[in-house]
Q: 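Below are the structure tokens for one structure; questions will follow.
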There are 2 protein chains.
Amino acid sequence: MLCILEIVARRKDPAVRTQLIERAAQMLRTREPITLRSLVAGTSVSTMAVYTHFGGMDGMWKALRQEGFTRLATRLAQVTPSADPVRDLTALVTAYLGNALDHPDLYRVMFDANFDLEDAQAADDTLEYLVQAAERGRLAGRYRADTNPLELATQSWAIAHGLVSLVATGPLPRPALAHGPLLLTALFTATGDDPDRCRRSVASGWQPRLTG
Amino acid sequence: MLCILEIVARRKDPAVRTQLIERAAQMLRTREPITLRSLVAGTSVSTMAVYTHFGGMDGMWKALRQEGFTRLATRLAQVTPSADPVRDLTALVTAYLGNALDHPDLYRVMFDANFDLEDAQAADDTLEYLVQAAERGRLAGRYRADTNPLELATQSWAIAHGLVSLVATGPLPRPALAHGPLLLTALFTATGDDPDRCRRSVASGWQPRLTG
DNA sequence: GCTATAACATAGCACAGCTATGTTATGTAT
DNA sequence: ATACATAACATAGCTGTGCTATGTTATAGC
């Protein structure tokens with residue numbers, strides 16, 4: 001009997017994979033240039049490990065982007081829903097900004113040149129956190145009944161990404177992030193929330209620490 | 001007599017410089033990989049020309065980014081001020097989006113990894129167009145008297161950059177740009193403009209062609 | 001134990017950006 | 001007009017890049 005798919009010898013060690021991408025993330029943080037040889041230099045593995053585990057440097061970068069989205073998702077998941085969904089959506093945006101500021105180089109890689117479907121899916125998955133909060137806000141009557149949660153989430157995302165990418169990638173100074181609350185309040189108010197109540201919700205969901 | 005500064009022999013030909021960056025922009029458009037040798041291959045100059053004119057490939061990329069900001073400034077300059085400064089600011093944002101969509105690869109390069117002061121200055125110069133429109137809006141009484149034109153311009157920029165970079169770089173589909181009018185209206189209204197009047201101004205400044 | 005399989009190590013390939021060195025063209029001074 | 005000084009230019013070769021071809025070794029199933 002032929003057991004084609006079950007014949008496996010010398011399985012790859014998953015630890016090697018995580019070791020490599022963690023080292024890559026570390027090198028990204030310390031601004032060291034990441035090359036095939038410099039990447040494996042700090043480890044006990046050979047250059048071929050990059051090919052068996054990632055299929056090449058492109059695959060490694062792809063996995064690194066994926067790691068970035070995973071960390072982002074972890075951070076978004078730490079935002080515990082409260083009774084105020086507008087505050088929650090603000091808190092999610094704040095978490096998004098905080099993640100980008102804590103790992104600016106990783107964030108830059110996440111939204112760099114070569115995107116493919118896998119990464120786009122990962123981006124959509126993280127967006128889903130915002131969609132849920134937007135939907136809860138609509139159900140709570142904070143936004144107009146005809147509000148499309150996906151659209152509101154996308155608009156919030158655009159604001160967050162616009163601000164943080166201009167700050168993380170260069171031209172704008174970090175205090176420019178302080179525009180966040182005003183932009184979010186403007187968006188949520190335009191979506192139907194009461195201005196004063198919205199201001200309070202956004203203020204309670206925002207983390208002033210970001211602009212430091 | 002020594003004329004130190006005036007002793008010049010065989011001046012560099014500016015035409016070579018423009019030829020190279022135009023070819024680089026063209027190769028960017030056609031997705032050809034831009035390497036030192038592939039860049040000069042189509043020209044009659046040697047690889048050394050890149051070093052005499054730009055000091056290396058990094059300098060060439062820097063000049064290419066500069067060219068991107070120059071084109072952007074040209075496009076923004078084509079927006080003729082009208083009697084409605086809110087419309088004008090919307091039109092400027094629309095021109096910003098249109099430029100990014102017409103030259104997506106160039107736009108990506110403009111906001112890519114290595115930024116330095118020269119490029120940041122170029123970015124600030126283009127921002128100045130938005131600042132002027134914001135200031136005119138304030139003087140016209142459309143925005144609150146205590147509105148900071150630079151801040152309003154920066155907020156508009158963040159919205160534009162957030163939207164268009166998410167569209168040009170991947171995850172969002174092009175129709176997502178249709179969120180622009182709502183976001184701008186929300187921002188301008190929050191800055192003091194009358195909601196109905198603002199909606200009309202934004203609608204008249206917006207180019208629906210973008211979302212196609 | 002034997003064999004098949006795949007992870008692994010090594011060496012070398014093509015190409016990248018860059019630089020050292022020689023050549024040529026051009027403005028200045030005699 | 002001629003000679004010189006200067007810098008743009010052409011050529012060839014350098015180091016380092018990602019990648020691949022080839023041989024070796026460790027592991028799973030009979």
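As the structure is a prediction and not an experimental result, all values here were calculated from the model. Order of the sequence lines sets the chain letters (A, B, ...), proteins ahead of strands, with each chain counted from 1.
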Q: Let me see the working for A:E128 and A:Q132 under side-chain hydrogen bond (donor to acceptor under 3.5 Å, both in side chains), right down to the final yes or no.
A: CA-CA 6 Å; A:E128 190 59 25; A:Q132 293 299 332; 2.9 Å; yes
Q: Grab the CD-C1' distance between A:E32 and D:dT17 for me, whole Å please.
A: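 Rounded to the whole Å, the gap is 17 Å.
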Q: Which part of the nucleic acid, if any, lies within reach of A:V45 when heavy atoms closer than 4.0 Å are counted: base, sugar-phosphate only, or nothing?
A: sugar-phosphate
Q: Determine the interplanar angle of the A:Y143 and A:F188 rings, folded into 0 to 90°, and report it as parallel if under 30°, tilted if 30 to 60°, perpendicular if over 60°.
A: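 Ring orientation, 0 to 90° scale: tilted.
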Q: So B:S38, base contact, sugar-phosphate only, or nothing? Heavy-atom distance under 4.0 Å.
A: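 Answer is nothing: B:S38 stays at 4.0 Å or more from every strand.
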Q: Rounding to an integer number of Å, can you tell me how far B:D58 CG sits from C:dC18 P?
A: 6 Å
Q: Please give, in whole Å, the distance from D:dG18 C1' to A:L20 CG?
A: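 Distance check: A:L20 CG to D:dG18 C1' gives 15 Å.
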Q: Send over the distance from A:L39 CG to D:dG16 P, rounded to a whole Å.
A: 18 Å
Q: Return yes if some donor-acceptor pair links the side-chain N/O of B:D88 with the main-chain N/O of B:S82 below 3.5 Å, else return no.
A: yes
Q: Please determine if a side-chain N or O atom of B:T52 lies less than 4.0 Å away from the OP1 or OP2 oxygen of D:dC9.
A: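 So the side chain of B:T52 is within the cut-off, an N or O lying under 4.0 Å from OP1 or OP2 of D:dC9.
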Q: Need one value for A:T35: base, sugar-phosphate or nothing, where a base atom within 4.0 Å counts as base even if backbone is also close, heavy atoms only.
A: sugar-phosphate
Q: How many whole angstroms separate atom CE of A:M60 from atom P of D:dT17?
A: 13 Å
Q: Once you measure the plane-to-plane angle for A:Y107 and A:H161, does it fall in the parallel (<30°), tilted (30-60°) or perpendicular (>60°) bin?
A: tilted
Q: Can you find a side chain N or O atom of B:Y51 that sits less than 4.0 Å from OP1 or OP2 on C:dC18?
A: yes
Q: Return the value, rounded to whole Å, for the distance between atom CG of A:L36 and atom P of C:dA9.
A: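 To the nearest whole Å, that distance equals 13 Å.
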Q: Let me spell it out: for each of B:W61 and B:M48, pick the nucleotide of DNA chain C with the closest heavy atom. Which residue's pick is nearer the 5' end?
A: B:W61
Q: Nearest whole Å is fine: how far is C:dC15 P from B:M57 CE?
A: 17 Å
Q: Determine: side-chain N/O of A:H53 to OP1/OP2 of C:dC8, distance under 4.0 Å, yes or no.
A: yes
Q: B:R37 CZ to C:dT19 P: how many Å, rounded?
A: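 After rounding, the reported distance stands at 13 Å.
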Q: For B:I34, does its backbone N or O pair with a side-chain atom of B:S38 as donor and acceptor, under 3.5 Å?
A: no
